[in-house]
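Single-structure report; data block below.
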Amino acid sequence: MLKNYFKIAFRNLKRNKSYALTNVLGLALGIASAVLIFALVKYHLSFDGYHSKADRVYRITTEFHGEETTYSTGVTSPLAETFRSDYPLAEKVASVAAIPDRVIAIPSANGTEAKFEESLAFAEPEFLDILDLPLIRGNKQSALRVPNTALITERIARKYFGGADPIGKTFRVDNIFSVTVAGILKDLPVNTDRPEEIYVPFEHLKQHSPWMVEKDWWFSVSRSLQCFILVKPGVTPARIKEALIAMSNSHYNAKDAKYFQFRAQPLSDIHFNPNLHGPVEKRNLWALSLIGVFLIITACVNFINLATAQALKRSIEIGIKKVLGVQRWQLFWQFIVETAAITMLAMVVALIMAELSLPYVNQLFDVQVKLHLFSDVYMLLFLPALFLVMIMLSGSYPALILAGLQPVLALKGKLSQKDAGGISMRRGLVVMQFAICQLLIIGTLVVAGQVRYSRQADMGFRRDAVVMLPVPNNEITKLSALKAGLSGITGVENLTFCGDAPASEFAPSTSIQFGSRPKAEDFGISTKAGDANYASMFNLQILAGRNLMPSDTVREFLVNETTVRKLGLAKNQDAIGQTAVMNGYKGTVVGVVKDFHNKSFHQGIDALYITTLRDNYGACAVKVNMANMNATLGAMKDVW
């Protein structure tokens, strides 16, 4: 019987080629979209779920409760050791600082160096026990404990040393310290929020970024310096919260304890928390899933409308079969099989379309999704389920209509559209289809407008034709040589040494004690390191006072309008000439700059100061003439 159904189905599809082609393409587009959305959602939901103890892993974060609540993924430098020694709730506690875009220099036999730019992690040994970072070569007992050693992944080992044995090889980090490879880590999966592939002992952070690890200093937080804990079995989030509150009360006065509050963030929340720089919100994933459902419904409605419109053409066929004794249920299943044949063809076409579209989807969303059609258990469950759902959604109603046609009316040719599904029903389906399409079109226009706004909106500083170069060594002689070399290049119009660009996710926050006020303010202030050219380079408008004078130490500050407002000053000029202590540095406020977006548009403008802190110069921003860009960049590379 089933074989006969398939014969009839393919015969009818062959006879009605345009009808079959339209349905196959319509369903294929819906299925391809659903498969890609399912793969994308599954990819995000799988982040860091591979860690065996993920349910007991937390990251300690900081909340700043001032005029408004702000959040940081980082903690103060003494927190990890304090939690480890004073609060017996965790099996393991580890500090880790991930520093992006570091220069790794690999020496060669001929005296030259191959240089790479990598993210680097300064980690305590316990970090390897908290997260699953399998050491496939090397001694785990000494890993990250012996100074001047490093752990690298298999991929990095192949990249740096090819087929040679990497153990014992040396490389230099930011021209500050050298390390020897002591162990090889298993390659990391793509679905992790800890993508660092080079780990060095945490103590080297004192050489690289000493300001980040000032002992017993509880008033400075960098988002890069993070603390992870593996709690003991049975320890609840409520107990961790109580311990962190007690820690604040122990190390701050009542006012500061209210301002600095520490929280335990579950590992499963890291990827989805926008306040703590999570790249994706779960509600966006559910919205994306809903779009997939809408696309499937739209494809099915389109199939139903075409099938019911085709019903009158098949009325004589149905009438003859009924006269010959074919039962209604047999006709129903015949049309279900016909729908299954169309859906099966559509599924094959859809999978081909999804594979071809996947590289563009990965580029659009900046992800690394792969379609494992025959090895992914979830995909193997999803595809058959989607196949069956689409057959029932698309085929049930047309099959019931066709199987229910009256044979006498069918043979006499007196059937009307009302008998073949009803005009009102088809109109309702068309209205629903158009409503869904309009909703998706409006959503697309809104998103396109947001993207256009983010690209074209005024951020308060100049960002066009500016090239950011890493500065691995900020010694005075090195900076002077680099400045002289770059300034002599045709096409270089201006340059500045700085910590980072005006808008950056890297925004360490600290306290501010202003003027003769006896206590620190109840708000945090973000820090920016930049030389005397920083303001002119990025076209920051100085509204009061003057620019910073050239200096290699902290003597003067520029603050923004938000700082003046939060200090409660009547006008910008009132801040000029006042002394301030920020991040432990005492200086004079010499200028007020117009507010600019120092983070993304998702966040408000912070109170902020700029100062000449040479130790934090990790970048060189270069304004270039676009007329001969390739030659200019080549010359800059040679000088660098």
Side chain to side chain contact (heavy atoms under 4.5 Å, CB included) between M347 and L383, intermediate numbers included: CA-CA 9 Å; M347 184 75 76; L383 290 177; 4.3 Å; yes
Candidate pair M459 and F538, rule side chain to side chain contact (heavy atoms under 4.5 Å, CB included), full reasoning: CA-CA 11 Å; M459 296 192 71; F538 293 105; over 6 Å; no
Step-by-step side chain to side chain contact (heavy atoms under 4.5 Å, CB included) determination, F596 to D458: CA-CA 9 Å; F596 58 89; D458 181 15; over 6 Å; no
Check against side chain to side chain contact (heavy atoms under 4.5 Å, CB included), V349 and V24: CA-CA 8 Å; V349 175; V24 167; 4.2 Å; yes
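For E154, the side chain to side chain contact (heavy atoms under 4.5 Å, CB included) partners are I136, R158, I184, K186, D187, not counting sequence neighbours. Listed by chain and number, the residues in a side chain to side chain donor-acceptor pair (under 3.5 Å) with E117 amount to none (sequence neighbours excluded). With sequence neighbours left out, N275 forms a side chain to side chain donor-acceptor pair (under 3.5 Å) with no residue at all. Not counting sequence neighbours, the partners of L439 by the side chain to side chain contact (heavy atoms under 4.5 Å, CB included) test are F294. The side chain to side chain contact (heavy atoms under 4.5 Å, CB included) search around A123 returns V96, F127, L144, Y199, not counting sequence neighbours. T22 meets the side chain to side chain contact (heavy atoms under 4.5 Å, CB included) test with L306; sequence neighbours excluded. Residues that satisfy the side chain to side chain donor-acceptor pair (under 3.5 Å) test with N302, not counting sequence neighbours, are absent from this structure.
A salt bridge links R263 and E63; the closest N-O separation between the charged side-chain nitrogens and carboxylate oxygens is under 4.0 Å.
For residues 32-45, the salt bridge (Lys or Arg N to Asp or Glu O under 4.0 Å) pairs, not counting sequence neighbours, are K42-D376. For residues 44-59, the pairs satisfying side chain to side chain donor-acceptor pair (under 3.5 Å) are H44-H271, S46-N191, D48-H51, D48-T192, Y50-T192, S52-D132, R56-E91, R59-Q226, R59-Q265, with sequence neighbours left out. Each side chain to side chain donor-acceptor pair (under 3.5 Å) pair with one or both residues in residues 276-291, not counting sequence neighbours, appears once here: E281-R283. Sorted by first and then second residue, the salt bridge (Lys or Arg N to Asp or Glu O under 4.0 Å) pairs with a member in residues 622-635 read E493-K623; sequence neighbours excluded.
Across every non-hydrogen atom of S119 and E196, the tightest pair is CB-CG, 4.2 Å. Across all their heavy atoms, L295 and S33 have their closest contact at CD1-CB, 3.4 Å.
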What side-chain donor-acceptor pairs closer than 3.5 Å can you find for residues 353-375, not counting sequence neighbours?
{"unit_1": "S357", "atom_1": "OG", "unit_2": "M353", "atom_2": "O", "d": "2.8"}
{"unit_1": "N362", "atom_1": "OD1", "unit_2": "V369", "atom_2": "N", "d": "3.0"}
{"unit_1": "N362", "atom_1": "ND2", "unit_2": "V369", "atom_2": "O", "d": "3.1"}

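Other residues, nucleotides and ligands contribute over 12 non-hydrogen atoms within 6.0 Å of the CZ atom of F116.
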